[in-house]
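Atoms within a ligand are numbered from 1 in the order they appear, just like the ligands themselves.
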Amino acid sequence: MIKKRLRKPAQVLATASASGGEWIYSKTVKEHFFHPRNILLKEPKKGEFDAEGAVGNPACGDVMKMWIKVEPKTQRIKKLKWRSFGCATAIASTSMFSQMVTEYGGMTLEDALRLTPQDIMKRLGGLPPYKVHCSVLADQAFKSTIENYFQKFPEEAPAK
Ligand code: FES
């Protein structure tokens, strides 16, 4: 029974670290870390995006930058790119976040703003408790980007 339970969560994977300890991450986290979606490694071209944001994580000093392109009529996110000087979890979390907001034709800004770090963690198959703060980086960078978007396009900002 226990054996079955240990094998069943196909998403959970143990990788030995160089020090001989073990890190527990889901297969999805590993996949997004090694193949990050929507990462932007060069400076964006002029006019390529509608808004940008950046945020630092006070817990560790890591930094996340983000850019978005929005379809004005529908307010759907057509493109979201990011770059991070952060840890593996921050990379995997932001990669997953970028996929979530751009898949199926893109989320509306309103719906994307409702996403929480818990939603990202769920799609990643969980995170070790001490890495939860890393998933917050994507969420905060997105909020900073949206703030910049509404500053540039105040007519699209929700009525207060
Ligand atoms: Fe800094 Fe993960 S340790 S974002």
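Contact annotation: C60 places an N, O or S atom under 2.8 Å from atom 1 (Fe) of ligand 1. Residue contacts to atom 2 (Fe) of ligand 1: H133 brings no N, O or S atom closer than 2.8 Å.
The single protein non-hydrogen atom nearest to atom 4 (S) of ligand 1 is D62 OD2, 3.3 Å, given as residue, atom name and distance.
Between D62 atom CG and C134 atom SG the span is 7.5 Å, to the nearest 0.5 Å. In this structure, CZ in F49 is found 14.0 Å from OH in Y149, a value given to the nearest 0.5 Å.
In this structure, M64 is a member of the same hydrophobic cluster as L41, with clusters built from ILVMFWY side-chain heavy atoms closer than 4.5 Å.
The pair K79-E48 meets the salt-bridge criterion, since a charged nitrogen lies less than 4.0 angstrom from a carboxylate oxygen.
When each atom of ligand 1 is checked for a heavy atom of A90 under 4.0 Å away, the hits are 4 (S). Those atoms of ligand 1 that come under 4.0 Å of a heavy atom in K131, given as number and element, are 2 (Fe), 3 (S). Atoms of ligand 1 lying under 4.0 Å from any heavy atom of C87, numbered from 1 in the order shown and given with element: 2 (Fe), 3 (S), 4 (S).
Dense packing is recorded around CD of E103, with more than 12 heavy atoms of other residues, nucleotides or ligands lying under 6.0 Å away.
Side chains of T116 and D119: a donor on one and an acceptor on the other come within 3.5 Å.
Every heavy atom of M64 sits 4.0 Å or more from the atoms of ligand 1.
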